[in-house]
Amino acid sequence: MTNERDKNLRRRAEDKAAAVAAQDIEVPSLAEAKRLVHELRVHQIELEMQNAELRQTRAALETSRTRYFELYDLAPVGYLTLGEPGLILEANLRAAALLGVPRDALVNQPLHRFVLPEDQDVYYLHRKQLFETGAPQACELRLMRQDGRPFWARLEGTMGQDAESGAPVCRVTMSDITEHKTTEERLRQSEKMEAIGQLAGGVAHDFNNQLAGVLGYADMLVDRLEDENLSRYARNIKMAGTRAADLTRQLLAFARKGKYAIVPVNVHRILGEVAELLRRSIDKQIQVRQHLDADPPMVSGDPSQIQNALLNLGLNARDAMPDGGELVFATRILDFADALPGDDQPTGRCLEISVRDSGVGMGPETKRRLFEPFFTTKGPGRGTGMGLASVYGTVRNHGGAIRVRSELGEGTTMLIYLPLLDQPVPDTPETPAVSAAPCHGRVLVVDDEKLVLDLAVDMLTRLGCEVIACADAVEALETYRRSWREIDLVLLDMVMPKMSGKALFEALRAIHPQVKALLASGYSLNGEAQSILDAGVLAFVQKPFTLTDLSGKVTAALGKNG
Ligand code: ADP
Ligand code: MG
């Protein structure tokens with residue numbers, strides 16, 4: 001239409017020019033001159049109007065170009081147009097940004113160049129189905145940025161036609177779903193760990209009871225055997241048993257059966273000890289450093305479990321640096337919400353403990369499995385695979401979280417987040433070790449596990465106590481009802497059929513409000529044990545126990561005024 005008008009205009013202009021040329025030599029009449037001036041004026045106005053129209057069209061074009069730029073290029077998803085062999089024909093800026101390349105470098109590249117080798121099949125199938133069925137398709141795969149960093153992407157494709165050639169093209173949207181995937185993966189991971197924990201906890205608990213027998217009797221043998229050879233055998237049994245008990249303890253810790261103690265803990269003091277220990281014992285090629293910024297550096301929990309966890313992280317870092325390097329312990333305080341964004345995290349402030357090494361780092365497979373009990377990449381006899389499993393349990397026991405940052409060849413940072421104890425509380429000093437001292441009194445022992453019961457009876461007898469043994473809670477209750485006046489102390493098992501340790505304790509207290517009792521359990525000091533302690537049981541005895549453990553607790557309990 002504009003073309004038509006332009007031609008029209010042109011024709012009239014030429015006519016006029018010809019007329020003017022023809023009249024050139026003649027002086028136009030006045031009327032003629034007036035007409036001419038009028039014509040020129042109209043023409044000028046016409047031109048001005050046309051100009052204005054042109055400007056308007058240009059402005060409209062500009063607006064729609066901006067809108068196109070905003071819609072297409074700045075969209076929150078990547079857009080790609082692919083030709084038949086998977087070549088990128090067009091891409092928006094967001095797509096280029098996601099892949100970390102300038103847009104020009106994308107055009108005429110096959111998209112599969114950006115797909116991780118492991119996920120090529122996924123991509124191939126996606127494209128095949130798209131071209132074959134013509135129906136919209138979606139897939140999730142890992143793409144690789146120009147700099148080599150992979151990310152999870154969701155592709156949604158639909159078929160279309162090229163506007164000019166009419167050739168089939170597919171239009172693909174591409175979005176970064178890494179965060180979503182990580183959350184999903186973490187959830188699956190924690191469900192798996194939960195299941196392994198249940199299994200491991202069950203096995204470890206039973207195994208622990210057997211160990212209590214092995215270890216306890218070996219302990220008494222060591223104490224009694226005069227023959228040097230025999231006593232060495234017994235010491236070896238005890239040593240092996242202790243190592244086994246150590247493993248089961250870690251397994252139980254992993255199984256999240258609670259804390260052994262709940263006291264204010266100064267994390268900096270523990271880090272200081274761990275760093276000192278490592279400095280003394282590891283290769284001088286490894287620099288151990290600390291950046292301790294948290295103030296106050298306090299959490300609530302079990303100092304020995306926390307120390308054990310940090311030591312484990314330190315030893316793993318050492319193993320990752322066979323040729324030396326740097327090991328840095330650091331702490332700071334931040335909000336859980338900032339530390340673990342997007343997670344179902346606890347609220348409030350947390351203490352971050354990071355253990356960073358410049359070692360070999362980990363590949364994705366190791367990163368996926370490192371918290372599993374018995375997962376190790378170290379040779380036989382070198383790793384147990386229980387280190388990080390127990391660290392995991394410890395951290396969870398303390399209401400915290402643990403994260404790993406590591407790439408092969410790039411070193412590793414382990415990050416632990418524990419709820420901050422927001423007052424500068426003085427540290428509780430370590431309790432001094434006690435040695436097996438004789439004690440006197442009449443003790444009622446109840447345990448449904450025959451071996452543990454026998455052991456407790458034998459040990460207490462050895463310590464000089466008079467012992468009444470009961471194989472279950474009902475029998476114990478009957479005995480106590482009959483002769484509570486002659487019984488100085490009751491040693492309770494926590495988990496028993498018929499009646500729990502807690503119910504039994506309450507029944508005993510109904511008979512004699514000042515009853516003195518100790519609680520023994522293979523589980524660590526968890527919620528239930530804590531509630532029995534809160535109800536008035538004097539102390540907690542961890543199974544498997546040694547003569548020393550038992551004598552310390554029994555002496556203290558008997559000494560207390562009931
Ligand atoms: P173990 O040390 O007995 O192998 P862990 O549970 O402590 O068991 O660790 C499991 C695995 O995780 C190790 O075998 C190792 O492959 C990997 N790992 C742990 N910490 C690091 C680290 N700092 N650097 C590299 N790999 C590590
Ligand atoms: Mg380890």
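Atoms within each ligand, like the ligands themselves, are counted from 1 in listed order. For the numbers below, each heavy atom of this structure counts, side chains included, while hydrogens, waters and symmetry mates do not.
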| query | Below 3.5 angstrom, do we get any N/O pair linking Gly385 and ligand 1? | reply | yes

| message | If you count heavy atoms of other groups shown closer than 6.0 angstrom to NZ of Lys128, is the number above 12? | response | no

| query | Should you measure from each heavy atom of Gly361, which atoms of ligand 1 turn up under 4.0 Å away? | reply | 25 (C)

| message | Tell me the nearest of Met362, Glu365, Arg318 to atom 21 (C) of ligand 1, using heavy-atom distances. | response | Met362

| query | Taking NZ, NE, NH1 and NH2 as the nitrogens, is one of them in Lys238 or Asp219 under 4.0 Å from a carboxylate oxygen of the other? | reply | yes

| Any N or O of Asn316 that comes nearer than 3.5 Å to an N or O of ligand 1? | yes

| said: How long is the straight-line distance from CG of Leu143 back to CG of Leu155, given to the nearest 0.5 Å? | reply: 6.0 Å

| At a 4.0 Å threshold, what atoms of ligand 1 neighbour a non-hydrogen atom of Thr366? | 16 (O), 17 (C)

| request: To the nearest 0.5 angstrom, please state how far the CZ atom of Phe375 sits from the OG1 atom of Thr384. | output: 12.5 Å

| note | If you scan protein heavy atoms around atom 5 (P) of ligand 1, the nearest is Leu388 N, 3.6 Å

| request: Begin with the C-alpha distance, continue with both residues' side-chain angles, and end with the deciding distance and a verdict on side-chain hydrogen bond (donor to acceptor under 3.5 Å, both in side chains) for Ser358 and Glu326. | output: CA-CA 6 Å; Ser358 57; Glu326 198 179 63; 6.0 Å; no

| said: Just to check, does Asp357 reach to within less than 4.0 Å of ligand 1 when the distance is taken from its heavy atoms? | reply: yes

| said: Please list the nearest protein heavy atom to atom 16 (O) of ligand 1 with its residue and the distance rounded to 0.1 Å. | reply: Thr377 OG1, 2.4 Å

| Under 4.0 Å between a Lys/Arg side-chain N and an Asp/Glu carboxylate O for Asp447 and Lys543? | yes

| message | Check this for me: does any side-chain nitrogen of one of Arg188 and Glu191 sit under 4.0 Å from a carboxylate oxygen of the other? | response | no

| query | To the nearest 0.1 Å, how far is atom 4 (O) of ligand 1 from its closest protein heavy atom, and which atom is that? | reply | Thr376 OG1, 2.5 Å

| Any non-hydrogen atom of Gly359 lying under 4.0 Å from ligand 1? | no

| said: Please determine whether Asn312 has a backbone or side-chain N, O or S atom lying under 2.8 Å from the Mg ion (ligand 2). | reply: no

| field | Cationic N near anionic O, under 4.0 Å, Arg232 to Glu228 | value | no

